[in-house]
Amino acid sequence: MEEFSKNYEPASVEEKWNRHWKEKKYFKSVPDSRRPFTVVIPPPNVTGVLHMGHTLNETVQDILVRRARMKGFNACWVPGSDHASIATEAKVVGMLKERGIDKNSLSRPEFLKYAYEWKEKYGGIIYSQVEKLGCSVDWDRVTFTMDDDYYKAVMKVFVDLHGKGLIYRGARMINWDPSAQTALSDEEVEYKDLQGKLYYIRYSITDEAGKEILNPLTGEKGIVIATQRPETIMGDTAVCVNPNDERYSHLKNAKAIVPLINRSIPIIFDEYVDPAFGTGALKVTPAHDINDYNLGLKHNLEVVDTLNADGTLSEAAQIYVGEDRFAARKKIIAGLTEKGFIVKEEEYATRLGYSQRTGVVVEPRISTQWFLKMKPLAEPALKAVLDGEITIHPGDKFLATYKYWLENVKDWCISRQLWWGQQIPAWYDDKGNVVVAENEEAAKKLYAAQYGENNSNAVLTQDEDVLDTWFSSWLWPMEVFKGISSPGNSDIAYYYPTSVLVTGQDIIFFWVARMIMAGLEYNKEKPIEKAIPFKDVYFTGMVRDKQGRKMSKQLGNSPDLLKLIDAYGADAVRFGIMISSPAGNDLLFDNASLDQGKFFNNKLWNALKLVKMWEKKIDASLPVGDQFATQWFESRLNEVKAEVEKLFSEFRLSEALKTIYSLIWDDFCSWYLEWVKPGFDQPISADVYNKTVAYFTELLQLLHPYMPFITEEIYHSLEERKEDMCVKQLTPVADSNSVYLGEGELLKQAITALRDARVKNRIKPKDEISLHIETGNPDKYNNIRSILGKQVNAPVMHIADTAEKGNISLVIGKDKFYVHSALPADHAAQKEQLEKDLAYQKGFFTSIAKKLSNERFVQNAKSEVVELERKKLADAEAKIKAIEESLARLD
RNA sequence: GGGAGCAUAGCUCAGCUGGUUCAGAGCAUCUGCCUUACAAGCAGAGGGUCCGCGGUUCGAACCCGUGUGCUCCCA
C-alpha cells in the first residue's frame, strides 16, 4: 500500500494530472449528439503575463466548464489571445529601441517580423500560465486575432459593412495619442480629474482699419479671454462672445490680435458662450478643441492646426516650432508674462483625457479616419438585452450602464495609424479615388469596373493604417469557430451561440456590447436566441490589493501568478480567489485566503489518510449496525447538492464554494468521520466503509470544478478507478430525509453543549461521565444515543421522563441533561450559564407574547405565521420551565 | 453636471419574497488541548445601536423618503 506524505504536496500532483489530462485529450471537443456548453476565453492580449484579474476570470470559466462537462454537456472552452494593436506596437517599438533599432528605419514587413517574435514569446507565457492554473481548455482550438483565417474574416466584415454603408471615411475631430501617434476610439480615453490653471490673456482689439479700440464702458484696452491651454493661441481663428453680453456689444466687426504672433482674427457672436464663465470671452481654436471645432464649422472659421502628430508645435504655430506641447506652454506663458499679456492666473479644477494604452494626454485633432456607424447596430443589441435574450449577471447591476452607452453611442473610429494589426482593405489611386475590397486583386477589378478600363493600369496603394483591435475581437465568439470566414460550417452550427461569457466589467463597451452587435448583424437570418453570441454574461469584479487599491504595474502590488502557484499550488490559488470573490463585486486579494486554500488541501489529504487507515480494518463479517451516521450524512449531502445546484444556476460561485467547503470540513470531517470512526483496534463494517468512500467521492466531485488537481488525486488514491474524475458524471440529486436532518441537528447540539459543560467543569476528554436525560419524548434519542454517548464519553446513559439529578445540569432544547461525574462541578459557572439562557428565553418569550397579544397581528398576519409564533411561545415556555427547575436544583 | 451602486462583528462579506434559517459565515481575537487523519489541527467562547434621522406596516437589517460617507460609470 502506498505511503502518504504528512502534508499534501501540490507541485508533483498538479504536473502529473495536467500531463495525464492532456494526453487523454479530455478537453478536446468535437461536435456530437450531446448538448454543447461553449465558452470562449476573453482574449488576454499578448503584451504581458496573466495578472490576478485574468486569474479570477479564467478560474470562473474553468469552474463553469468543468461542472458542465461533469453534467453531461459537450464542453468546449476555446483559448486564445488578441494582438492588442496599440499596446503591443508600443512594446515592440520599445524592444527595438533597446536593441538600438528605430522603427522608422524598418519597412512594414520587417517590423511585423519583430512583432511576431514578441507575440510568440509572450503569447506562449500566457498559455503556459493558463495551463498551470488547470484550465480545461481545448488546446487544438487556440485562436489568435491575427491568424490567417481570422485576418480574412476581419477583411470580409470590413468590406461587408462598407458595402452596407455602415463604414465611411472622413475628417473628424478624433482623440489623438501623440505618443503612439494614432487615433483612438472614445472608449480608449480615460478621464482624470486634476488641478489645472486658467490663464487670463489680454488680446488687443482693433477696428476694421486696424485702429485700436477701447471699451467704451470701462475704458479698458482689448479683451481678456481665459484659457487652460495658452500654447494653442497660435491656432486661434476667432474670439467669441455672447451676443447678449453688453460688455462686448461694441465689438461688432472688430478684430482681435493674437498676442506674440500678431494675427488678426474676427470677433464672432454666439449664444454658445456662457457670459458667466471666465470673462465671457472665448478664444476659438477649431483645430484643437471639439467645441471650438463645431463653432468653427458654424461660423466658417479657418482651421489652423498648430500641432504635429507627435505633439510638437508645427510650422503653422510660427513660434516654438518643434517644441513639445507642454514645454511650449511654459515658454509661451513666460513670453506672454514678459510682454504683459497675462492678466492673471487662477487655479482650476479640470478633467483631462489620457490614452488608456500609453498614458499620455490625448490631443483632440482633426483627422481623416475610418468610422463605423453605430446606431443601426446598437438598436438590436440593446433590444436583445432588454428583452432578456441575454442575461447579465450578477443581477442587473450593469444593465443601466449598458443601456446608457448604447442609447448614446457615437460612431466608432476604427482606424489606427499603426502597423501591428489588420491593414485596412482600401486602395487609393494617385488622385485619391478609393476602392474597398477584400484583397488587392479584388480591389483592382473593382477599380477597373468603377473608374473605367482606361485606368485599369493605375497604381493602387493600400491604406497604410490598421484596424482597431476590438474590430477583430468583436467577432471572437463567431470566428473562433470560423463562423465568418467559413459560415455554416459544422463547428459554428454546433457551438454557436456560446453559453456564457465571463469577463471584467471594464470592457462592457469595448467588447461585450460590440460582440452582441456583431453577433446579431451576422446571424440576422436566425431567430434571436440563435443569433446572440452568448446567453449569459458574468461580470467579475476587479481584483484589488488588501488595502483596496487597484492592482497595477506602477504600484507593483500585483503578485506573480506562477510564484503563487509555486508557493500554494494551483488549487489553493483557485480556492483563495474564489472564496473571496462575491459575484460582480471587487475583491480584496489577500494571501490569507490562499492559506485557507492550502489548509483545506491538507484537510482533504488527512481525511484521505484516515479513510485509508480504515481500509485495513474492514471486517466483512461485521453486521451493518448503527446506521444513523450514514443515513444522516446521505441526507445532508443531498441537501447540499440541491443547494449548490441552485447557487450555480444563479452564478453564485463563491457561495457555492463556501457551502461545499463547510460540507466537507464541518459535516464530513468534524461530524461524520468522527461518528463512524472505529475505536482503537476496532474493526469497521464493510457497509460503513464503502459508504464513506462513496460519500467522499461525491464530495470530491462537487469540489472538483474549483480544485481539480487534489480532487483527482484523492479520487484515485481512495480506490482503484477506471475513469478519471474530470470526466466522471455527477450523480443526480436525491431527496433528503428531514427527520434524519433534524435528529442530526439535535445530536450536534447535544454534543456541543455537553462538550462545553465538560470544558467549563474541567472534565478531561478521557474522564468518563454518565448521562441522565429527562425528556417528555425519550424516543427521539433512539437513533442518536449511541453516537452521543461515544462523542461525549458517556458509557452510561439513561433517558426517561424523570431523571436522576447529577452534579452538572444543563438544558438542551426542552430537555434536562444531568451529568454525573466523579469530579467536583463548578456550580457558579453552571449557574451563570443557566441564568444567561434564562434571560434570553424570557426576553424571547416576552417579545412573542407581546406580538400575540396584539390583535392586529393576529388578524392581519398569515395564519401559518401566527401558528408558528404560538409554537415558539410554547417552546420558550417549556424551555424556561426546564431552566428554572435546573437552577432550583443548583441552589 | 448626469447615472448606478455600497454602508451589517476588529477585517472581508452573506442575509432571496418584510415574520426562528434573523441578527449569520470566514478570517482575526480569547480559553483549553502534543485526544494515533490533520497544531496548516482539535474542542469551546466572546464580539454587532444592521451608517444617522423620519415614514409605511400589526411587524423593518430588508420597503419609501432624507442626510452623511465611500466606490464606479458617463459628459
Side-chain angles (χ1 to χ4, degrees), chain A residues 4 6-8 186-187 189-191 290 351 353 394-405 407-408 410 505-506 508-509 541-542 544 546-548 550 568 572 579-590 592-593 595-614 646-647 650 652 654-655 657-659 661-662 665-666 669-670 673-674 677 680-681 745 751-760 762-766 791-793 833 844 847-848 850-862 864-869 871-872 875-876:
Chain A
F4 293 102
K6 184 172 183 316
N7 291 322
Y8 175 66
D186 295 341
E187 288 68 37
V189 181
E190 283 174 350
Y191 291 88
I290 178 68
R351 267 175 87 81
D396 284 330
K397 202 172 168 183
F398 303 103
L399 189 63
T401 314
Y402 180 83
K403 190 167 175 250
Y404 182 86
W405 187 76
E407 284 172 347
N408 296 280
K410 300 207 181 70
Q505 53 198 271
D506 49 336
I508 182 166
F509 312 130
M542 214 172 358
R544 296 168 177 275
K546 214 173 153 182
Q547 286 109 56
K550 259 187 209 181
Y568 295 93
I579 202 82
S580 51
S581 172
N585 285 348
D586 288 359
L587 72 102
L588 303 188
F589 184 78
D590 183 353
S593 61
D595 280 323
Q596 203 187 338
K598 203 164 101 177
F599 300 163
F600 189 34
N601 274 340
N602 274 321
K603 191 69 186 176
L604 290 161
W605 189 244
N606 279 302
L608 166 70
K609 284 180 356 195
L610 179 66
V611 173
K612 292 304 278 187
M613 281 174 66
W614 296 348
K646 183 167 177 281
L647 289 169
E650 296 162 350
R652 297 172 64 186
S654 187
E655 294 293 316
L657 176 58
K658 279 176 189 162
T659 307
Y661 174 79
S662 164
W665 198 301
D666 302 328
C669 293
S670 296
L673 289 179
E674 294 298 334
K677 192 188 237 173
F680 192 65
D681 274 343
E745 283 312 302
I751 292 171
T752 302
L754 286 161
R755 278 173 175 165
D756 186 31
R758 294 184 68 119
V759 168
K760 288 197 168 127
R762 307 193 182 285
I763 302 172
K764 295 224 164 69
K766 279 181 184 147
Q791 293 301 297
V792 300
N793 198 9
Q833 183 66 47
F844 185 64
S847 79
I848 307 286
K850 204 174 131 195
K851 199 184 262 189
L852 282 168
S853 67
N854 182 336
E855 270 178 43
R856 284 191 291 180
F857 168 70
V858 181
Q859 278 168 15
N860 294 334
K862 279 182 282 183
E864 307 96 89
V865 174
V866 177
E867 208 41 54
L868 201 64
E869 295 297 317
K871 193 175 172 299
K872 275 153 64 179
D875 283 355

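Chain letters run A, B, ... following the sequence lines, proteins first, then strands; residues in each count from 1.
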Anti versus syn assignment for rU20(B), with syn defined as within 90° of 0: syn
Under 4.0 Å protein heavy-atom contact, by nucleotide of nucleotides 20-36 of chain B - B base, S sugar-phosphate only: B-----S---------B
B/S/- contact track for nucleotides 70-75 of chain B, protein heavy atom under 4.0 Å: ---SSB
Nearest-angstrom distance from the residue atom [atom1] of [X] to [atom2] of [N]:
X	N	atom1	atom2	value
Y568(A)	rA40(B)	OH	C1'	12 Å
K603(A)	rA39(B)	NZ	P	10 Å
W605(A)	rA37(B)	CH2	C1'	12 Å
L673(A)	rC42(B)	CG	P	12 Å
L647(A)	rC13(B)	CG	C1'	15 Å
R652(A)	rC13(B)	CZ	C1'	12 Å
E655(A)	rC16(B)	CD	C1'	11 Å

[atom1] gap between [N] and [M], integer Å:
N	M	atom1	answer
rC62(B)	rC38(B)	C1'	41 Å
rA7(B)	rC16(B)	P	12 Å
rA45(B)	rA37(B)	C1'	26 Å
rC53(B)	rC58(B)	C1'	23 Å
rA43(B)	rA28(B)	P	15 Å
rG47(B)	rC11(B)	C1'	13 Å
rG55(B)	rC42(B)	P	50 Å
rC50(B)	rA61(B)	P	8 Å

Parallel, tilted or perpendicular: rings of Y661(A) and F600(A) (30°, 60°): perpendicular
Aromatic ring pairing W605(A)/Y8(A), orientation class (parallel under 30°, perpendicular over 60°, tilted between): tilted
Can you measure from [atom1] ([X]) to [atom2] ([Y]) and round to the nearest 0.5 angstrom?
X	Y	atom1	atom2	value
K677(A)	W614(A)	NZ	CH2	7.0 Å
E187(A)	D506(A)	CD	CG	13.0 Å
Y402(A)	I508(A)	OH	CD1	8.0 Å

base_contact_polar (rA37(B) base, E674(A) side chain, donor-acceptor, <3.5 Å): yes
Watson-Crick and G-U pairing of RNA chain B written in dot-bracket, each distance under 3.5 angstrom, with | for inter-strand partners: (((((((..((((.....[....)))).(((((.......))))).....(((((..]....)))))))))))).
Return the nearest nucleotide to the side chain of [X]; candidates are [options].
X	options	result
K598(A)	rA37(B), rA40(B), rC42(B)	rA40(B)
D756(A)	rG44(B), rA43(B), rA37(B)	rG44(B)
N606(A)	rA40(B), rA37(B), rG41(B)	rA37(B)

Name the nucleic acid region contacted by [X], choosing base, sugar-phosphate or nothing; use a 4.0 angstrom heavy-atom cut-off, strictly under.
X	result
N7(A)	base
K646(A)	base
T752(A)	sugar-phosphate
W665(A)	sugar-phosphate

Candidate pair K871(A) and E867(A), rule salt bridge (charged side-chain N to carboxylate O under 4.0 Å, His left out), full reasoning: CA-CA 6 Å; K871(A) 193 175 172 299; E867(A) 208 41 54; over 6 Å; no
Donor-acceptor contact below 3.5 Å, side chain Q791(A) vs main chain E674(A):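 Checked: pair present.
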Any donor-acceptor pair under 3.5 Å from S670(A) side chain to W665(A) backbone: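 Confirmed, S670(A) side chain pairs with W665(A) backbone.
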Pair E650(A) + K646(A), salt bridge at N-O below 4.0 Å: yes
Can you list the residues that meet the side chain to side chain donor-acceptor pair (under 3.5 Å) rule with [X], with sequence neighbours excluded?
X	value
K658(A)	none
D666(A)	S662(A)
K609(A)	N606(A)

